[in-house]
Amino acid sequence: MEAKSQLQVHNSLSGQKEKFESIHQEFVGLYVCGPTVYSNVHLGNCRTFVSFDLIYRYLMHLGYKVRYVRNITDVGHLESDEGEGEDKISKKARLEQLEPMEIVQQYTLDFHQVMDRLNALPPSIEPTATGHIIEQIEMIRSILDKGLAYESNGSVYFDVLKYNETHPYGELSGRKIEDLIAGTRELDGQDEKRNPLDFAIWKNASKEHIMKWPSPWGIGFPGWHLECSAMSTKYLGETFDIHGGGMDLKFPHHECEIAQGTAALGVSPARYWLHTNMLTLNGKKMSKSLGNSLLPEELFSGNNELLDKAYGPMVVRFFMMQAHYRSTLDFSSEALGAAEKGFQKLMDAVRKLDQLQVVKESSFDVEAQIESYYAAMNDDFNAPILIANLFESVRYINLIADGKEKINAADLERWKTELKSFIFNVLGLQIESESGNDQFGQVMDLVLEMRQEARSTKNWALSDLIRDRLQEAGIQVKDGKDGASWS
RNA sequence: GGUUUCGUGGCCGAGUGGCUAGGCAGUGGUCUGCAAAACCACGUACAGCGGUUCGAAUCCGCUCGAAACCUCCA
């Protein structure tokens, strides 16, 4: 409970770290913009959701009851602002001659599967845009009532200039309305809009458009920013604690959400805005359209020319956790390889933890170790620092195993609980390739016993043969003070 | 062009005014039948130039370079 009061988060609204205080003491409302399900999620998409998984997990670790809402965008966003704009899911459905909902289903399943492999917890509510058309229409109506939107040819546009008269448009992304006007001057054209900055909150559907619904303004579909406003309001209230998403959604998506929410309800939707940074490949944002994206499946199977081998989901997760969520993270096979070794080292230490001998008195400050975990995470969810501190603990674990440091039973109990909690519950790591059954472990025990037998008769040829062959099979034998272990 | 951000040792990546980041790789050592693992020691990194300061990788200015957003994107 004490650690809870020390959490600091970086709020994009202020550009600074702020003390985190939830609206309702024990509860946190968390909304994260989810994926548009028109293709397989790539690794860059995954990073954002893994980052928020960490945040979600730590908030719960601190004792908060978190309602985590993450939407599925199953109405594609408009491709262009011109009249013939087509949404991505419609387009894909047309090309593949499928029902839009088949596309949505296929890639939603893929998304869930990938999240599961990366051990990202499912959100509390995962609403879809198409399931909330009525809520969106209601919200549009409310904005129209306030005079902050106008109808034009069966579409409804948000009146940015009018809104800006009473509320600063651009407060989240640091943009000034004059600059925005100057920047968009070239774009305009034959427009239904009063101003190029205005954005659609309801869009008139052309005949060919597949996904469409009736509305007071005719047949159409909701504008691209509206779904998040409608769904976050429905499930978390008019103002909730944390709204998150990728950096690339800051403008215009989140800026528009603030404007819509404020226009419709009179209050700003979220107190804290958290933005996760991009996963880059060769220094550039991983993006499907740029052709530099990696699919999680390719990573897990090693089936990509960028990779020298396959990497497990937990190694990938650990790799992501080694960078702070607000920094870009550059992907390379080399960096992943380094992460794999580090992850292995951490897991080895966790296994050792259960076999440590206890004595009467501890020779080092266990409590300080534990405090360092909380300090790291309380500083804007600084997982890389947490991991650095965990490696400090790894050193102590190894020293105890070597008989060079000591720990008492009470300290060990408490340490085990906290350490494991941070590794497995907060970082969300899992021990991989835990060949599941005890049978295998028993066989390994037997093999190592036989090797020990050979060693005791100085049959080095046999003992080395066993060790080398196991090595070839991917099993490493480690001789320690109290016998051999393997991993 | 505008907005936001970044440039850290061989690689990845923390740090935001004085005090060790950490991981991987490397070198030397201890241990070991040999090895692996583990432990110990080591590398004097902060794009460049100028300024503020007793003191700057950390603050300010300029220069160079990179990225994201300003069209859909996590």
Side-chain angles (χ1 to χ4, degrees), chain A residues 12 15 32-36 38-39 41-52 73 76-82 85 87-88 170 173-176 178-180 182-184 186-187 197 224 244-253 255 275-280 283-290 293 318-319 322-324 326-332 334-343 345-346 348-349 352 376 379 382-392 394-395 397-399 401-402 404-405 455 458 460 463-464 467-468 471 476-481 484-487:
Chain A
S12 299
V32 173
C33 292
T36 306
Y38 69 98
S39 65
V41 282
H42 65 243
L43 204 62
N45 300 321
C46 293
R47 186 191 179 198
T48 291
F49 303 123
V50 167
S51 294
F52 280 107
T73 296
H77 299 160
L78 276 181
E79 293 260 297
S80 89
D81 249 348
E82 313 303 316
D87 82 45
K88 286 194 167 168
S173 54
R175 271 157 235 251
K176 297 187 191 74
E178 309 87 64
D179 297 335
L180 286 167
T184 40
E186 320 110 37
L187 285 178
L197 288 184
W224 38 306
M247 260 328 178
D248 50 354
L249 296 182
K250 204 170 178 183
F251 188 91
H253 186 60
E255 203 70 73
H275 289 98
T276 58
N277 217 135
M278 301 292 104
L279 181 66
T280 60
K284 293 223 171 62
K285 175 183 171 181
M286 205 176 268
S287 153
K288 216 176 174 202
S289 49
L290 294 173
S293 63
F318 183 75
F319 168 71
Q322 276 190 303
H324 185 87
R326 280 192 298 109
S327 300
T328 55
L329 171 61
D330 197 56
F331 178 91
S332 70
E334 202 185 353
L336 251 197
E340 184 173 46
K341 295 250 178 83
F343 176 67
K345 184 173 173 174
L346 185 62
D348 284 348
K352 270 191 207 173
D379 186 9
N382 200 324
I385 293 289
L386 168 61
I387 290 173
N389 295 340
L390 289 173
F391 274 112
E392 167 90 5
V394 165
R395 210 181 96 242
I397 292 171
N398 286 322
L399 285 167
D402 283 355
K404 291 169 184 160
E405 294 280 359
R455 292 182 72 202
K458 294 198 197 282
W460 307 130
S463 74
D464 289 356
R467 180 217 290 157
D468 296 344
Q471 181 78 45
Q476 192 177 48
V477 175
K478 287 177 251 190
D479 293 324
K481 273 206 150 56
S485 63
W486 60 275
S487 66

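Each chain gets a letter, A, B and so on, in the order the sequences are listed, and its residues count up from 1.
Here A/Lys404 does not reach the OP1 or OP2 of B/U30: none of its side-chain N or O atoms lies under 4.0 Å away. Residue A/Arg395 places at least one side-chain N or O under 4.0 Å from the OP1 or OP2 atom of B/C40. A/Asn382 has a side-chain polar atom (N or O) that falls below the 4.0 Å cut-off from OP1 or OP2 of B/G15. Distances shorter than 4.0 Å separate some side-chain N or O of A/Ser327 from OP1 or OP2 on B/A14. A sub-4.0 Å separation between OP1 or OP2 of B/A74 and a side-chain N or O of A/Thr36 is present.
Rounded to an integer number of Å, the gap from CG of A/Leu249 to P of B/C72 is 11 Å. In this structure, A/Asp379 atom CG and B/G15 atom P are separated by 7 Å, rounded to whole Å. Protein atom CZ of A/Phe251 is 12 Å distant from nucleotide atom P of B/U4, rounded to whole Å. Following rounding to the nearest Å, A/His253 (NE2) and B/C70 (P) show an atom-to-atom distance of 13 Å. Rounded to a whole Å, the CG atom of A/Leu346 is 17 Å from the P atom of B/A37. Between A/Lys341 atom NZ and B/A36 atom P the separation is 13 Å, expressed in whole Å. One can place CD of A/Glu334 at 8 Å from C1' of B/A25, the figure rounded to the nearest angstrom. Protein atom CG of A/Leu279 is 10 Å distant from nucleotide atom P of B/G13, rounded to whole Å.
Looking at A/Asp348 and A/Lys352, their side chains never come closer than 4.5 Å, going by heavy atoms from C-beta outward. The closest side-chain heavy-atom distance from A/Arg455 to A/Trp460 is below 4.5 Å. A/Ser463 places none of its side-chain heavy atoms less than 4.5 Å from the side chain of A/Arg467.
You cannot call A/Phe49 stacked on the base of B/A74; the centres under 5.5 Å and planes under 30° rule is not satisfied.
Rounded to a whole angstrom, the distance from the P atom of B/A14 to that of B/U8 is 11 Å. The P atoms of B/C60 and B/C6 are separated by 11 Å, rounded to the nearest whole Å. Rounded to a whole angstrom, the distance from the P atom of B/A21 to that of B/U58 is 16 Å. One C1' atom belongs to B/G23, the other to B/C19, and the distance between them is 22 Å to the nearest Å. When the C1' atom is used for both B/C62 and B/A68, the distance is 24 Å, rounded to whole Å. Comparing the P positions of B/C40 and B/G7 gives an interatomic distance of 30 Å, to the nearest angstrom. Between B/A25 and B/U63, the distance separating the two P atoms is 42 Å to the nearest Å. With both ends at atom C1', the span from B/A38 to B/A57 equals 34 Å, rounded to whole Å.
Position along RNA chain B of the nearest nucleotide to A/Gly174 versus A/Asn277 favours A/Gly174 as the more 5'-ward residue. Positionally, the nearest nucleotide of RNA chain B for A/Lys285 lies more toward the 5' end than for the other of A/Pro35 and A/Lys285.
The aromatic rings of A/Phe318 and A/Phe391 sit perpendicular to each other, their planes meeting at more than 60°, with 30° as the lower class boundary.
Looking at heavy-atom distances under 4.0 Å, A/Asp464 makes contact with a base. Contacts of A/Met247 with the nucleic acid, taken as non-hydrogen atoms under 4.0 Å apart, are absent. Residue A/Gly170 is out of contact with every strand shown, counting any heavy-atom pair closer than 4.0 Å. Looking at heavy-atom distances under 4.0 Å, A/Lys345 makes contact with sugar-phosphate atoms alone, never a base. Using a 4.0 Å heavy-atom distance criterion, A/Lys284 is classed as a sugar-phosphate-only contact.
B/C64 is paired with B/G7 under the Watson-Crick or G-U wobble criterion, all donor-acceptor distances under 3.5 Å. Across all strands shown, B/C59 forms a Watson-Crick or G-U wobble pair, both distances under 3.5 Å, with B/G51. Across all strands shown, B/U27 is found opposite B/A41 as a Watson-Crick or G-U wobble partner, with both distances under 3.5 Å. Figure legend. B/G1 is base-paired to B/C70; pairs are counted as Watson-Crick or G-U wobble with both atom distances under 3.5 Å.
For A/His275, the ring-ring contact (aromatic ring centres under 6.0 Å, His included) test picks out A/His254, with sequence neighbours left out. Partners of A/Ala349 according to the side-chain contact (heavy atoms from CB on, under 4.5 Å) rule, which considers only residues two or more places apart in sequence or in another chain, are A/Val394, A/Ile397.
Atom NZ of A/Lys478 is surrounded by more than 12 heavy atoms from other residues, nucleotides or ligands within 6.0 Å.
Between the side chains of A/Thr328 and A/Thr280, no donor-acceptor pair of N or O atoms lies under 3.5 Å.
Comparing B/G13, B/A74, B/A35 against the side chain of A/His42 picks out B/A74 as the nearest.
For A/Asp479 and B/A35, a side-chain-to-base donor-acceptor distance below 3.5 Å is present, hydrogens and geometry of angles not being considered.
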